[in-house]
Q: 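Okay, handing you the structure first.
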There are 2 protein chains.
Amino acid sequence: MARTPPGKQPQDPGTPDALPRHARAGKAVTIRDVAKVAGVSPITVSRALNHPELVTPETLERVRAVVSRTGYVPNEIAGSLRSRRSGIVAAVFPQITNSMFVDTIQTLTDCLRQEGYQVLLGLSSYEEREDELIAGIVGRRPEGIYLTGVAHAPETRRRLIASHIPVVEAWDLSPSPIDMLVGFSHEKAGEAMARHLLAKGHREIGLVWGNDLRAGVRRQGLLSVLAENGIHEVPTSLEPAPGMFQRGREGLAELLGSGARVSAVACSSDVLAQGVIAEARDRGIRIPEDIAVMGFGDFDFAAHTSPSLTTIAIEKALIGRLAAQALLARIQGREVPERIVDVGFRLVERGST
Amino acid sequence: MARTPPGKQPQDPGTPDALPRHARAGKAVTIRDVAKVAGVSPITVSRALNHPELVTPETLERVRAVVSRTGYVPNEIAGSLRSRRSGIVAAVFPQITNSMFVDTIQTLTDCLRQEGYQVLLGLSSYEEREDELIAGIVGRRPEGIYLTGVAHAPETRRRLIASHIPVVEAWDLSPSPIDMLVGFSHEKAGEAMARHLLAKGHREIGLVWGNDLRAGVRRQGLLSVLAENGIHEVPTSLEPAPGMFQRGREGLAELLGSGARVSAVACSSDVLAQGVIAEARDRGIRIPEDIAVMGFGDFDFAAHTSPSLTTIAIEKALIGRLAAQALLARIQGREVPERIVDVGFRLVERGST
DNA sequence: GTCGCCGATGTTACCGATACCATTTCGACG
DNA sequence: CGTCGAAATGGTATCGGTAACATCGGCGAC
């Protein structure tokens, strides 16, 4: 069901018959058509559009007039092929429904668009092989690639290095990034959570935790600090996916149901923590008096719930901006002073602990 | 700071010296290089990769071996130019930080990837002229375009129609879509909210509302039903952006501060409603006894807060899936039985009203 | 007056794949 | 045994821009 009946092209009402015949015969308008009508060579049209400063004001205006009259839209694919600049940056996220990354995506996209780059979005969640996704992306010859996380198949790593495309990994740290890196230490974040709870006098600490890669590292950090302090029993409700609200409720229920005593619950995300708090409230458990709760991420609601949520604040938008800047710098051939940027994190103490 | 020191190309350790010299001299591997090494013509390599069934198993294997040995990655840009198939679908959202659209994005992207399409993400929020964004997108010759909403500049509309690219608008209804449409009536959703509150006996209804386009339409619907029922005074706290949690709190505070009496508060999103509930609780206002609250969107937490949230449920993922299917059908030349699909909405009554 | 340079524009070739059509081979079948 | 057709492969042109270099006219410096 074609939008246009076959053999009959719509007559753009605003377009006078100034085009060469074949342009009106259904083929798309090309730069040659514009050139012909404007009485210049194709390259001059190209210059008028991409480097207006190289062209006489008169020619410029003439070309622009023809462009708008004919509705010419440059074929960026052709341009990309010849100039070897695709104007595209690819961004890969594990998934976006848990909303941990949306600020980063938003900022990244905004920053790149300001410099004329479009973002190719890759979601690797349901991808058994991130490698396939990356291969498909590299084929499109993006000028930069943003990756979430630092754990990639060796094959992926090799492919990316071989491609010579600027890469920035984000949301994690690694001593040996593929190229550039903007992130923070999840291990230290976990440690900070542990220390905070210990400092508050808690020694019976439960976890309601998601099972993604980075959360796992935070958990390691947390557990190691607890172990250093002689705490080896840490009741944990481990959820398979990066949990949502309801999983927080279930998590607390599971912890309490197991008979373990907990005076504090640490969660791998604020959303989980919110669920834990909801469940606690329904059970008449006071927060923080009976149980302290802390989250991770400092989502927008964290400061405004009651009690407000103690959490780890990440500069999510900053990560996006720095990643964009790093890629842009590399693309434009500028110096990248620091290949590895640690944006750190802030433990924000609020009412829930 | 180039990753590779100038004049010195990295020696891929895993690659034997089977490549033509110029391939090793720093230029990317092309289909010709592969063809030469495999002892076939370029077109055969192309077929081996894209239509393996047209090629002898032996040739296929030989080509594949060379491809993996040389690390050849087909240049999709060149392929796109010749074949006039970019393998790209563009998706435009106003913004993603309010998380209303993330499920749609996720599903849309997943469905399209399964068919080999990549998604070009456009965020039009900070774009004064959506038109510019669209123009940039059309230049990339996507095979389909997903747009959020039905309100577009006439210029944008014209450009899209002229482009002959399949378009699906979503998250709204319109009698005259650009091409295809998957959405629901915001007006009716607003009306349903009003009727529900009226049925619950409320006549003093306040609004805490975001100011985006579609929310505005819902508000119209809501107000018109209230007006039909003789209610003309509707205290409203109108927030500029599609509000977050904190704005819900402020909204309720504003309503109460204005001296208006309200027995029910309708919100333009669940997140706002959650904020309203938090504020009410802090003020000792019981929900739903003192004030009923309802939201919009049926976010994941809505069913699990206490009280659970009465809201309008939208099949967000379904919208993404249907939109993807509509585009794919049109791209693949299949029939699209219904150009306009109304996915409707469900009023979900829960504890907050 | 001549030279040289600069700014504006044009000519040509090319980016790297695939569409289109031609060619070759080989087996089936009359 | 010759013809036909399908399967496998190849040659050539082409997609629509832009890089690289060439050309041309005008103007200032010596």
Side-chain angles (χ1 to χ4, degrees), chain A residues 19-20 22-23 26-63 67 70-88 116 136 138-141 143 163, chain B residues 20 22-23 26-63 66-67 70-88 116 136 138-141 143 163:
Chain A
L19 311 191
H22 70 277
K27 317 249 339 170
V29 183
T30 74
I31 202 169
R32 262 166 265 265
D33 301 324
V34 175
K36 216 165 292 177
V37 176
V40 295
S41 72
I43 191 70
T44 300
V45 176
S46 171
R47 281 196 270 256
L49 296 175
N50 300 319
H51 308 280
E53 75 279 4
L54 295 179
V55 156
T56 318
E58 298 88 69
T59 356
L60 181 55
E61 193 178 351
R62 198 143 37 92
V63 169
V67 165
T70 55
Y72 169 64
V73 180
N75 185 329
E76 307 284 354
I77 294 178
S80 299
L81 177 59
R82 181 59 177 117
S83 69
R84 296 161 166 287
R85 279 182 282 103
S86 65
I88 281 180
V138 171
R140 298 237 142 77
R141 303 293 190 264
E143 296 183 55
S163 76
Chain B
H22 71 276
K27 319 250 335 172
V29 184
T30 75
I31 204 171
R32 259 166 269 267
D33 301 323
V34 175
K36 214 165 293 177
V37 177
V40 295
S41 75
I43 190 73
T44 300
V45 175
S46 171
R47 280 195 273 256
L49 297 174
N50 299 320
H51 308 280
E53 73 281 3
L54 295 179
V55 155
T56 317
E58 298 88 70
T59 352
L60 181 55
E61 193 180 349
R62 198 142 38 92
V63 169
V66 176
V67 165
T70 55
Y72 169 63
V73 180
N75 185 329
E76 308 283 354
I77 295 178
S80 299
L81 176 60
R82 183 60 178 107
S83 69
R84 297 159 166 286
R85 281 181 282 102
S86 65
I88 281 180
V138 171
R140 297 238 141 77
R141 302 293 191 263
E143 296 183 52
S163 76

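Hydrogens, waters and symmetry mates are skipped; everything else that's a heavy atom, side chains included, is used. Lettering of chains follows the sequences in order, A, B, ..., and the numbering in each one begins at 1.
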Q: Can you say whether a donor on the side chain of A:Arg32 sits under 3.5 Å from an acceptor on the base of D:dG17, or the other way round?
A: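 Yes.
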Q: Can you name the nearest heavy-atom pair linking B:Ala35 to B:Pro42, along with the distance?
A: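 It is CB-N, 3.5 Å.
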Q: Would you indicate which nucleotide in D:dG17, C:dG10, D:dG10 comes nearest to any side-chain atom of B:Ser41?
A: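 Nearest nucleotide to the side chain: D:dG10.
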Q: Rounded to the nearest angstrom, tell me the gap between atom CZ in A:Arg141 and atom C1' in C:dC15.
A: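 Rounded to whole Å, this separation is 11 Å.
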Q: To the nearest Å, give me how far apart CG (A:Leu60) and P (C:dA8) are.
A: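 It is 11 Å, rounded to the nearest whole Å.
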Q: My understanding is that only residues two or more places apart in sequence, or in another chain, count here; which of them pass side chain to side chain donor-acceptor pair (under 3.5 Å) with A:Thr59?
A: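 For A:Thr59, the residues satisfying side chain to side chain donor-acceptor pair (under 3.5 Å) (neighbours in sequence not counted) are A:Thr56.
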Q: Taking only the side-chain nitrogens and oxygens of B:Tyr72, find out if one of them lies under 4.0 Å from OP1 or OP2 of C:dA17.
A: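 Yes, B:Tyr72 has a side-chain N/O under 4.0 Å of OP1/OP2 on C:dA17.
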Q: Partners of B:Arg82 by side chain to side chain contact (heavy atoms under 4.5 Å, CB included), sequence neighbours excluded?
A: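 Partners of B:Arg82 under the side chain to side chain contact (heavy atoms under 4.5 Å, CB included) test: none.
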Q: Which heavy-atom pair separates B:Val66 from B:Ala38 by the least distance, and what is that distance?
A: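 Closest pair (atom of B:Val66, atom of B:Ala38, distance): CG2-CB, 3.8 Å.
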Q: What's the CG-P distance between B:Leu81 and C:dA19, to the nearest Å?
A: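 Taking CG of B:Leu81 and P of C:dA19, I get 12 Å after rounding.
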Q: If you take all heavy atoms of A:Ile31 and A:Ser46, which pair is closest and at what distance?
A: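 Closest pair (atom of A:Ile31, atom of A:Ser46, distance): CD1-N, 3.6 Å.
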Q: Which of residues 42-59 of chain A have a heavy atom under 4.0 Å from DNA chain C?
A: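 Close to the strand are A:Ile43, A:Thr44, A:Arg47, A:Val55, A:Thr56, A:Thr59.
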Q: Under the side chain to side chain contact (heavy atoms under 4.5 Å, CB included) test, which residues partner A:Ser86, sequence neighbours left out?
A: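 For A:Ser86, the residues satisfying side chain to side chain contact (heavy atoms under 4.5 Å, CB included) (neighbours in sequence not counted) are A:Ser80, A:Ile88, A:Glu143, B:Ile77.
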Q: Taking N and O atoms by type only, does the side chain of A:Arg84 place a donor or acceptor under 3.5 Å from a partner on the base of C:dC15?
A: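 Answer is no: no donor-acceptor pair is held.
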Q: Just jot down the side chain to side chain donor-acceptor pair (under 3.5 Å) partners of A:Ser41, sequence neighbours excluded, or say none.
A: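 Result, side chain to side chain donor-acceptor pair (under 3.5 Å) vs A:Ser41: A:Thr44.
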Q: Report which part of the nucleic acid A:Arg85 touches: base, sugar-phosphate, or nothing (heavy-atom distance under 4.0 Å, all strands).
A: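 The answer is sugar-phosphate, as A:Arg85 gets under 4.0 Å only of primed atoms, P, OP1 or OP2.
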Q: Side chains of A:Val45 and A:Val40, heavy atoms from C-beta outward: is any pair under 4.5 Å?
A: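 Result yes, sub-4.5 Å side-chain heavy-atom pair found.
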Q: In terms of the nearest nucleotide of DNA chain C, which residue is placed more toward the 5' end: A:Gly39 or B:Asn75?
A: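 Comparing both residues, the 5'-ward one is A:Gly39.
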Q: Return the value, rounded to whole Å, for the distance between atom CZ of A:Arg140 and atom P of C:dG16.
A: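 Roughly 17 Å, once rounded to whole Å.
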Q: Write down the distance between CZ (B:Arg82) and P (D:dG17), rounded to a whole number of angstrom.
A: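 Distance, rounded to whole Å: 15 Å.
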Q: Can you name the residues that form a side chain to side chain contact (heavy atoms under 4.5 Å, CB included) with B:Val67, not counting sequence neighbours?
A: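 Listed in chain order: B:Val34, B:Leu49, B:Val63, B:Tyr72.
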Q: For the helix from C:dG1-D:dC30 to C:dG30-D:dC1, what angle lies between the axis at the first five pairs and the axis at the last five pairs, to 10 degrees?
A: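 Overall, the helix from C:dG1-D:dC30 to C:dG30-D:dC1 bends by 40° from one end axis to the other.
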Q: Nearest whole angstrom, please: distance from the P of D:dA8 to the CD of B:Glu61.
A: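 In whole Å, D:dA8 P lies 16 Å from B:Glu61 CD.
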Q: Considering only side-chain heavy atoms of A:Ser83, which listed nucleotide, C:dG10, C:dA17, D:dA19, is closest?
A: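 Nearest to the side-chain atoms of A:Ser83, counting from C-beta on, is D:dA19.
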Q: Atom CD1 of B:Ile77 and atom P of C:dC15: how far apart are they, to the nearest Å?
A: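 The distance from CD1 of B:Ile77 to P of C:dC15 comes to 14 Å, rounded to the nearest Å.
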